[in-house]
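Encoded as structure tokens, the structure appears first; notes follow it.
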Amino acid sequence: VIFYATSYAAGFFLGFVLAILSLLAFSLYPAYATMQRKKDLKKEYPFIVTHLAAIASTNIHGLPMFKALMKTKYSKSILLDANRVVNYVTIFGYSLSDALKMTATNVPAKEIRDLFIELAENIDAGEDIKTSLKRKARTLMTKYRTRKAQKVLRYTNAYRETATVMKQLHFKGIYVLAILITTGILVLDILYLTNGLFLPVLISAVCIGWSPVVIDTYRSFEKNRKMV
């Protein structure tokens with residue numbers, strides 16, 4: 001009403017813009033939520049399998065296993081899918097294997113889709129789910145620990161390489177001071193000094209900046225000469 005009272009053109013334009021923004025919000029949010037859930041499922045996949053294996057090891061099989069999974073406080077990204085499996089069986093009367101296959105079609109993460117389909121195939125074949133889950137959980141957790149160890153090792157190597165480079169450079173506080181003084185002189189030279197003084201001040205700044213390096217180099221040379 002305020003926009004129309006100001007201008008009909010402004011009212012129509014702003015109404016059109018708000019409609020487009022609302023449409024984009026309603027269209028993009030589900031895609032964003034799906035991508036976020038896919039990311040969470042991929043991240044929690046090893047722990048979801050481990051949790052299922054722990055439930056199965058307590059001799060809880062079939063539908064009660066997914067009812068127990070719905071109560072977990074750790075892998076919350078799987079709650080929606082576990083609830084779908086339970087609803088397909090208890091409300092619509094599907095078998096557990098069919099419920100798993102139907103739920104798998106709506107799961108955004110490939111890992112969980114493959115897990116549900118594998119569980120459904122094991123149920124249809126009459127195989128022991130507990131053994132299958134325990135074996136898969138052991139493999140996934142080994143890979144997870146290996147990835148974590150490799151990540152820590154990469155950070156450690158990067159730190160060691162940085163420390164080695166800094167040690168080789170003999171980086172000291174005087175270098176920082178020289179850099180700051182040189183930068184300040186250059187800024188003042190560019191902003192305030194005339195053409196007659198520009199070049200001499202520039203040369204002085206460069207000499208100040210390089211002086212600690214030259215002094216350290218000379219000291220190292222003298223030290224090596226005395227050792228010889």
Side-chain angles (χ1 to χ4, degrees), residues 2-3 6-7 9-11 13-47 73-77 108-111 140-228:
I2 297 175
F3 297 136
T6 304
S7 169
F13 175 74
L14 288 172
F16 176 75
V17 170
L18 290 175
I20 294 297
L21 291 176
S22 300
L23 181 62
L24 288 175
F26 281 108
S27 301
L28 295 178
Y29 179 75
Y32 168 78
T34 301
M35 289 178 60
Q36 187 62 39
R37 203 165 80 85
K38 179 180 179 180
K39 181 180 178 181
D40 293 340
L41 286 170
K42 288 173 69 69
K43 182 179 179 181
E44 296 178 358
Y45 173 58
F47 306 103
K73 299 179 181 179
Y74 306 104
S75 304
K76 294 186 177 181
S77 59
K110 181 180 182 300
E111 292 82 357
L140 288 172
M141 291 309 297
T142 300
K143 291 181 179 179
Y144 175 79
R145 294 190 187 98
T146 302
R147 286 197 303 269
K148 282 292 184 180
Q150 290 174 347
K151 188 175 181 181
V152 172
L153 183 61
R154 284 198 299 269
Y155 283 124
T156 304
N157 289 338
Y159 172 77
R160 287 177 179 173
E161 289 175 4
T162 304
T164 302
V165 171
M166 296 299 290
K167 187 177 180 181
Q168 290 174 351
L169 291 175
H170 301 288
F171 196 78
K172 300 176 181 179
I174 192 171
Y175 288 0
V176 178
L177 181 61
I179 292 171
L180 292 176
I181 293 174
T182 303
T183 304
I185 294 174
L186 289 175
V187 170
L188 293 174
D189 190 18
I190 294 170
L191 293 179
Y192 298 108
L193 296 183
T194 60
N195 293 334
L197 296 175
F198 181 83
L199 185 59
V201 174
L202 178 63
I203 295 173
S204 300
V206 172
C207 291
I208 293 173
W210 278 98
S211 59
V213 178
V214 174
I215 293 171
D216 267 2
T217 303
Y218 174 75
R219 288 177 177 174
S220 298
F221 175 77
E222 286 292 323
K223 184 179 180 180
N224 292 333
R225 189 172 62 84
K226 291 179 180 178
M227 291 176 64
V228 174

Results of side-chain contact (heavy atoms from CB on, under 4.5 Å) for K73 - residues two or more places apart only
none

Can you see which heavy atom on P108 is nearest to which on R37, and at what distance?
CD-NH2, 3.2 Å

Could you pull out all residues at least two apart from K110 that satisfy salt bridge (charged side-chain N to carboxylate O under 4.0 Å, His left out)?
D114

Distance-only donor-acceptor pairs under 3.5 Å for side chains of residues 140-148, two or more places apart:
{"residue": "T142", "atom": "OG1", "partner": "R138", "partner atom": "O", "Å": "2.8"}
{"residue": "T146", "atom": "OG1", "partner": "T142", "partner atom": "O", "Å": "2.8"}

Pairs meeting criterion salt bridge (Lys or Arg N to Asp or Glu O under 4.0 Å) with involvement of residues 16-28, two or more places apart:
none

List the residues meeting salt bridge (charged side-chain N to carboxylate O under 4.0 Å, His left out) with E111, not counting sequence neighbours, and say none if there are none.
K42

Distance col, row L28:CG vs M35:CE, nearest 0.5 angstrom, shows 11.0 Å

Partner residues of S77 under the side chain to side chain donor-acceptor pair (under 3.5 Å) criterion, sequence neighbours left out
E44

Please list, chain by chain and in numerical order, all residues satisfying side-chain contact (heavy atoms from CB on, under 4.5 Å) with I20, sequence neighbours excluded.
F16, L24

Sequence neighbours excluded, the answer for side chain to side chain donor-acceptor pair (under 3.5 Å) partners of K39 is none

